[in-house]
Structures are given as structure tokens and as C-alpha cells.
Amino acid sequence: MRILHVADYVMPTMGYQEFILPKWNSKNSNEVHIITSDRYTPIPDYNTTWKYILGPRHVGVSTQIIDGVTIHRLPVKLEFRRRIWLSKLQTKVSEINPDVIFCHGTSSPLAFSLTKISRKLKIPLVLDNHMAYVAQGSGLLANIYYMFLRRITKLYLNPYVSYFLGMSEESCDFMITQQGITPQKVQALDFGVDTDIFGLDNTLTMEKRTLYNIPANAVVVMQTGKLSKEKGTEVLSEAMLQPMRSNPNLWLVLVGGGNPTYLNQCLEPYIKFNISNRVVIIPFVPFTELPSIMKMADICVYPGESSLSCIEASACGIPVIITDLPWGQTRESLGIGTCYKTGDPGDLQLNLLKLIESPTLRQQLGEIARNSVMTMYSYKTISQHVETILQEAIDQYV
């Protein structure tokens, strides 16, 4: 197939689905293109986080080939609250002439633009959705927005989109109940892990610990990714404080970036009790370097909003503790992670202590999680599933 992916933002070195899925589509002998904007995602504090590894947010109009995928960066007409309107979109789609289009996002302006373009060019269209209820807005403006979204979805998306793929059962339910998408067209799809990158090779573990002055026999608890209130970093910080005061062999490592004021507030108690020397903060690292950092950990914790990182840590054989939000419960049922009561530092602490005190339990849970990830969440498996759906969309298109 000639597959075209379309996404608001694509950061090839960050390990997000918008690039990893196309990469694996290409590895499966398809011709793969991505159309995206001339910039990276406008996250808060970009200049103090992602800029260190990505460079300036505006990267310019270009065409380049990375890992067999041709990425076309187009100029932006308008950018508003992570919503993108692209210039010359129809011209570029027509030039690529794909067999099928996969758009990342069901409520973006790109999704609605592509329904018109795909109909005109007679190309089947598939959309995906990453939403969770915890990220849904509230209040009058949010209610008006979702009422409007449901109406235009029924008019412009439902009749013309072949399939809507939810990146969890919760995402599927969200599409149906909040966006008004036709249930019969909804299918579940999972986030995955790039097994080219994540694995069990532990040769660099001790070298990395030496680099960060962490003893070889220390028990390391780690959070990776965005470090923010939404991701629950302060809950982990509070849960780890007393165990670290009692156990001089316990270390806390935070990998990623966040608002400096927020992170300082999280770490103030550690300074007060003179144990901040066992807290290590590592800025964002390129995706390919993340496994060697993760493997320093004995336990990884993801106490807030959904995080792909918990699957990546599991692929490295590291036991994870996750929130009991719906996405976490689903993964726990599959052997990936142990749930704690969301936002409860005391409950998180109890779950941490069980793992801190038992190397055998850590090893057992890490092995179970890795086996589950390799079976269900490898991008080799997920990309093949997606390609089956895309071929069905082509075969059924009228």
C-alpha cells in the first residue's frame, strides 16, 4: 500500500505514535508518507524542556526521509491551541496519491479538511483518537464545544470516514459518547512500543549509574516523560519522601522536563531533610537513549495521566506502578503494572514499599510485564493490525 499519515505535529526523535506507526508501516514493505506542520508541539515551557533535544520549535517547510518514511512539512495558515490549519494540503495529498489516508486525531481541523479532500480524490480515510476523560475540559465553554463537535461530526465525519480507531477502550467510548461517532465504525487500537529500541540489554546500566553517581546496589525509583501535576509528579515526590528518609539506599530519579517552579516545589522537602543528594533530575533525552536511562531503574512510576512510558519501561523488564484510571486498570489486567489509588500518596507509598523490599517480586512482575508487552504492544503486531484495517478500508471503499 501507499499509506499517507497526516498529523498536526510530528517529532521523529520523541517516540510518539505519529512517527513510530508510520516507521513500522514502512518496515512492513509499504510506501509511507507523512504530511505535518512546519513546527513541533507547543508544550508549556518548550524552551526549557524539548528545545534541548529538538532545537527551535519552528523547523520550516521541508521534505525529508527518516527510517524509510517521507515526511512533508507544510506551511501553517493558522495555529490555535494545538489546532493546525495547513496550507496546500489538498495539493500535497493529490501529489502523493495514496491508497489510503490515516489522520491522527478525530477533532482536529485536519480531520475535517481531509473528509472533503478524500471524497474529492476518492481515497478512503481512517481517523484515530487518543482522548481520555481525565483530559476533557469542563464548564460552559467545554459543553458548547462538545455540542458543536457532535453536530459537525455527524454531518462531516460519520458518513465519509471508513473507520475510527480508539487508542484504548476509553478512547473508543469517548468518541461515541462525547463526539457522537457512529459506534459501528469504531475499533480499538493500542499504543505500542518500538521493539527496535526497547529491550533487555542491560550492558549500559552500571555505566549510566556511575555517570550519575548512583551506587550499583541502590534501589532506584524513576518517573519518565513530562513532569507535571497532570502526570502526578508531586504525588510520587510525597510518597517517596518518608521511605528515602528511612532508607539511605533509596534513590529518586526524574527523567524529562516540566515547569521549574513546580519541580522546585516537589523537591523542597528533600532539601529540607538533607536528602536531595539522592534525587537526580535528568533532562529530556532523545528517544533512542531513553532505554539506557530507564534501565538504571528498579521501579518506574506513572502516577497521573496516561503515559506510553509505562509500556516502554515494561518492555525493559522493569515493574511499573500506574494510576487506577481506566487505562491503568486495563494494563494491570494484562499484567502490565500495579495500580494505586489515583492521587493518594499513602497508597502509592504502600505499593512502592512492597517492591522496594522484594527484589524477587520486582523481577517477577518485570518479566510478566515484558512478556505481555512483547505479545500485545509491540509495534510489529500493532502495525500489522493497522494495515489489515487500512486494506479493509481500501477494499470496501465506494
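Remember, predicted model here, so these are calculated numbers, not experimental data.
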### Message
Do Phe198 and Met374 make a side-chain contact, defined as non-hydrogen atoms from C-beta onward lying under 4.5 Å apart?
### Response
no
### Task
Sort and list the pairs that fulfil side-chain hydrogen bond (donor to acceptor under 3.5 Å, both in side chains) and have at least one residue in residues 254-274, not counting sequence neighbours.
Glu234-Tyr262
### Task
Establish, from distance only, whether the side-chain atoms of Glu387 and Gln391 form a donor-acceptor pair under 3.5 Å.
no
### Query
If you look only at pairs with a residue in residues 112-123, which of them pass as a side-chain hydrogen bond (donor to acceptor under 3.5 Å, both in side chains), with sequence neighbours excluded?
none
### Query
Got a sec, which residues hit side chain to side chain donor-acceptor pair (under 3.5 Å) with Ser168, two or more places apart in sequence or on another chain?
Ser171
### Flag for Thr330-Glu169: side-chain donor and acceptor within less than 3.5 Å
no
### Message
Measuring only between side-chain heavy atoms, which start at C-beta, is Ile299 closer than 4.5 Å to Met222?
### Response
no
### Query
Can you find a pair of side-chain heavy atoms, one from Leu352 and one from Met240, that are under 4.5 Å apart?
yes
### Message
List the residues meeting side-chain contact (heavy atoms from CB on, under 4.5 Å) with Arg151, not counting sequence neighbours, and say none if there are none.
### Response
Met147
### Minimum heavy-atom distance between Cys172 and Gly166, given as atom pair plus value
SG-CA, 3.7 Å
#### Entry: Pairing residues for Pro109 by the side-chain contact (heavy atoms from CB on, under 4.5 Å) criterion, not counting sequence neighbours
Arg83, Trp85
#### Entry: No-hydrogen, no-angle side-chain donor-acceptor test under 3.5 Å, Asp194 and Trp24
yes
### Query
Among Thr70, Val32, Ile71, which one satisfies side chain to side chain contact (heavy atoms under 4.5 Å, CB included) with Pro22?
Val32
### Message
If you compare all heavy atoms of Ser372 against all heavy atoms of Leu334, which two are closest, and at what distance to 0.1 Å?
### Response
OG-O, 2.8 Å
### Message
For residues 50-77, which residue pairs pass the salt bridge (Lys or Arg N to Asp or Glu O under 4.0 Å) check, not counting sequence neighbours?
### Response
Arg57-Glu79
### Message
I'd like to know if Phe273 and Met244 are part of one continuous hydrophobic network [Ile/Leu/Val/Met/Phe/Trp/Tyr, side-chain heavy atoms within less than 4.5 Å].
### Response
yes
### Message
Give me each pair satisfying salt bridge (Lys or Arg N to Asp or Glu O under 4.0 Å) with a member in residues 93-104, each pair once, sequence neighbours excluded.
### Response
Lys92-Glu95
### Task
Could I get the full list of salt bridge (Lys or Arg N to Asp or Glu O under 4.0 Å) partners for Asp324, not counting sequence neighbours?
none
#### Entry: Exercise: identify the closest heavy-atom pair between Leu125 and Cys103
CD1-CB, 4.3 Å
### Query
Side chains of Ser314 and Tyr377: donor-acceptor distance under 3.5 Å anywhere?
no
### Query
Among side-chain atoms of Gln349 and Tyr340, is any donor-acceptor pair under 3.5 angstrom?
no
### Message
Is it the case that the side chains of His33 and His5 hold a donor-acceptor pair, with the cut-off being a distance below 3.5 Å and no angle test?
### Response
no
#### Entry: Residues clustered with Ile144, ILVMFWY side-chain links under 4.5 angstrom
Leu140
### Query
What orientation do Phe102 and His104 show, parallel under 30°, tilted 30 to 60°, or perpendicular over 60°?
tilted
### Query
With Ser246, which residues qualify under side chain to side chain donor-acceptor pair (under 3.5 Å), at least two apart?
Gln242
### Task
Name all residues meeting the side-chain contact (heavy atoms from CB on, under 4.5 Å) criterion together with Phe112; count only those two or more places apart in sequence or in a different chain, and write none if there are none.
Leu149, Ile152, Thr153, Tyr156, Leu157
### Task
Kindly check if the number of other-residue, nucleotide or ligand heavy atoms within 6.0 Å of NZ (Lys229) is above 12?
no
### Task
Using the salt bridge (charged side-chain N to carboxylate O under 4.0 Å, His left out) rule, take Asp298 and Arg209 through it: C-alpha gap first, then chi angles, then the decisive distance, then the call.
CA-CA 12 Å; Asp298 297 285; Arg209 285 200 175 196; 2.9 Å; yes
Identify all side-chain donor-acceptor contacts of residues 379-386 below 3.5 Å with residues at least two apart in sequence or on another chain.
| residue | atom | partner | partner atom | Å |
| --- | --- | --- | --- | --- |
| Thr381 | OG1 | Ser378 | OG | 3.1 |
| Ser383 | OG | Asn28 | ND2 | 2.9 |
| Ser383 | OG | Tyr379 | O | 2.7 |
| Ser383 | OG | Lys380 | O | 3.1 |

